[in-house]
Amino acid sequence: MPELPEVETIVRELKAALPGRCVLGVRVFRPDALGGVPVAHFRASLRGECFAGVERRGKFLVFRLTSGRFLVGHLRMTGKFALVSRPARPAPHHRVWFELDDGSLLVFQDLRCFGTLALAERLEDYPPLARLGMEPFSRRFTASWLAGALAASRTPLKHWLMDQGRIAGLGNIYAAEILFAAHLSPLRPSAEVTGTEAARLHRAVRRVLRAAIGKNGTTISDFRRVDEKRGEFQDFLRVYGKTGEPCPVCRTPIARIRQQQRSSFYCPTCQR
DNA sequence: AGCGGAACCTGTCGGC
DNA sequence: TGCCGACAGGTTCCGC
């Protein structure tokens, strides 16, 4: 589910509600969400903690706690955070409850159980975060940086864009949409991208992500915002999931291929 | 360096 | 109706 725009949407909504709230209690219904950390330790560490802030790094959610420590979450395919009033019992996919001091509940739920929660003393000590590459909205993400980074690899563009160690936050949907916007084939070896094309790709990355954030992300089947509302960017997708439908620019049927065990969607005419 | 495959786990959908 | 395979927004690890 969640790529950068969906995580950004959730972070913005949590940021509006969570800072200042404190954790009265933690209930863990699915211990494997904790990446091997013993449940007792996780609960004891968080009880009494207060939220100071919520940020996004790549597709990770970073909860800054008043003690100076961090709770770091990754939603993988089907994870969600929701702020709800406390139900009598956990819903089927509820994994962890954080009971807050205003009577509300921060719920981590995850149908497929790929998502993770972790505690970190310092962010740089948490390897999954340390491995991440460039933030697309960082000032250091420039067309010339992109051109140089692309030149260093021959991997196909689609795969290149989804490599979190290069640019952090792009997944299968937005890699496809960005390549369509940039008129570049997902199959193109990254080192063969010219300077002009790299500049086009750079603009497309920011333009597509900004548009998707503006529409609160993409809900294909089960992405939900913090308040259970759906995103709206699915109505603006141009190639993702559109196999056989006419390209919005040239009417060529959108093609679907397999790359790195993932589906890629593109227009064979517009994207070269 | 880069690729294919498998693994983690659950649910849905289409075909027969 | 039922069974079976394919597929799903992600990441990591292993072998070639």
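Quick note: numbers below take in every heavy atom, side chains included, and nothing from hydrogens, waters or symmetry partners. The model shown is predicted, which means the values in this text are computed figures rather than measured ones. A, B, ... follow the sequence lines: proteins, then strands. Residue 1 opens every chain.
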**Request:** Respond yes when some side-chain nitrogen or oxygen of A:K59 is under 4.0 Å from OP1 or OP2 of C:dT11, and no when none is.
**Result:** yes

**Message:** Would you measure the distance from the P atom in B:dA6 across to the matching atom in C:dG5 and give it in whole Å?
**Reply:** 14 Å

**Prompt:** Between A:R166 (CZ) and C:dT11 (P), how many Å, whole number?
**Reply:** 14 Å

**Prompt:** What distance, rounded to whole Å, do you find between the two P atoms, one in C:dC13 and one in B:dC9?
**Reply:** 16 Å

**Asked** Below 4.0 angstrom from OP1 or OP2 of C:dA8, is there any side-chain N or O of A:R256?
**Response** yes

**Request:** Send over the distance from A:E6 CD to C:dA8 P, rounded to a whole Å.
**Result:** 16 Å

**Message:** If I take atom CZ in residue A:R131 and atom C1' in nucleotide C:dG10, what distance separates them, rounded to the nearest angstrom?
**Reply:** 13 Å

**Fill in**
Judged by nearest nucleotide, the residue sitting upstream toward the 5' end of DNA chain C, A:Q164 or A:Q261, is A:Q261

**Prompt:** Any side-chain N or O of A:Y174 under 4.0 Å from OP1/OP2 of C:dG9?
**Reply:** no

**Asked** Between C:dT11 atom P and A:L170 atom CG, what is the distance in whole Å?
**Response** 10 Å

**Prompt:** Rounded to the nearest Å, what distance is computed from the NE2 atom of residue A:H159 to the P atom of nucleotide B:dG4?
**Reply:** 9 Å

**Whole-Å P distance, B:dG5 and C:dA6** = 13 Å

**Asked** Side chain of A:Y240: nearest nucleotide among B:dG4, C:dT11, C:dA8?
**Response** C:dA8

**Prompt:** Is the distance from OP1 or OP2 of B:dT10 to the nearest side-chain N or O of A:H93 less than 4.0 Å?
**Reply:** no

**Prompt:** With respect to the side chain of A:R262, which nucleotide from B:dC3, B:dG2, C:dT11 is positioned closest?
**Reply:** C:dT11

**With A:E135, the salt bridge (Lys or Arg N to Asp or Glu O under 4.0 Å) member among A:R56, A:R140, A:R206** = A:R56

**Request:** Check the distance between C:dT11's P and A:D163's CG and give it to me in whole angstrom.
**Result:** 10 Å

**Item:** Base of C:dT11 and ring of A:F114 stacked, centres under 5.5 Å, planes under 30°
**Value:** no

**Prompt:** On a whole-Å scale, what distance lies between the C1' atoms belonging to C:dG9 and B:dG2?
**Reply:** 24 Å

**Cys pair A:C250, A:C267: SG separation below 2.5 Å** = no

**Request:** Return the orientation label for the A:F108 and A:F81 ring planes: parallel under 30°, perpendicular over 60°, tilted otherwise.
**Result:** tilted

**Prompt:** If you check the A:P128 side chain, which of C:dC7, C:dT12, B:dG2 turns out closest?
**Reply:** C:dT12

**Fill in**
Using Watson-Crick geometry (N1-N3 plus N6-O4 or O6-N4) or G-U wobble (N1-O2, O6-N3), each under 3.5 Å, B:dA6 is paired with C:dT12

**Protein-nucleotide distance (A:R154, atom CZ; B:dC3, atom P), rounded to Å** = 10 Å

**Complete:** When rounded to whole Å, the CE to P distance for the pair A:M162 and B:dG2 reads 16 Å

**Message:** Closest approach to the side chain of A:C113, judged atom by atom: which nucleotide of B:dG2, C:dG10, B:dC9 is it?
**Reply:** B:dC9

**Message:** Is the phosphate of B:dG11 approached by A:T78 (side-chain N or O, under 4.0 Å from OP1 or OP2)?
**Reply:** no

**Request:** Please check the phosphate of B:dC9 (OP1 and OP2 only) for any side-chain N or O of A:R95 closer than 4.0 Å.
**Result:** no

**Asked** Under 6.0 Å between the ring centres of A:Y240 and A:F233?
**Response** no

**Prompt:** Can you say whether the rings of A:W97 and A:F29 are parallel (under 30°), tilted (30 to 60°) or perpendicular (over 60°)?
**Reply:** perpendicular

**Item:** 5' priority, DNA chain B, between A:S190 and A:R112 [closest heavy atom]
**Value:** A:S190

**Asked** Do the side-chain N or O atoms of A:T155 get closer than 4.0 angstrom to the phosphate oxygens (OP1, OP2) of B:dC3?
**Response** yes

**Prompt:** Choosing from C:dA8, B:dC9, C:dT11, which nucleotide comes nearest the side chain of A:M77?
**Reply:** C:dA8

**Request:** Please answer whether the main-chain N or O of A:R258 pairs with a side-chain N or O of A:Q261 as donor and acceptor at a distance below 3.5 Å.
**Result:** no

**Request:** Would you mind classifying the nucleic acid contact of A:T116 as base, sugar-phosphate or nothing, using non-hydrogen atoms under 4.0 angstrom?
**Result:** nothing

**Message:** Tell me whether A:R188 contacts the main-chain N or O of A:E192 through its side chain, where contact means a donor paired with an acceptor under 3.5 Å.
**Reply:** yes

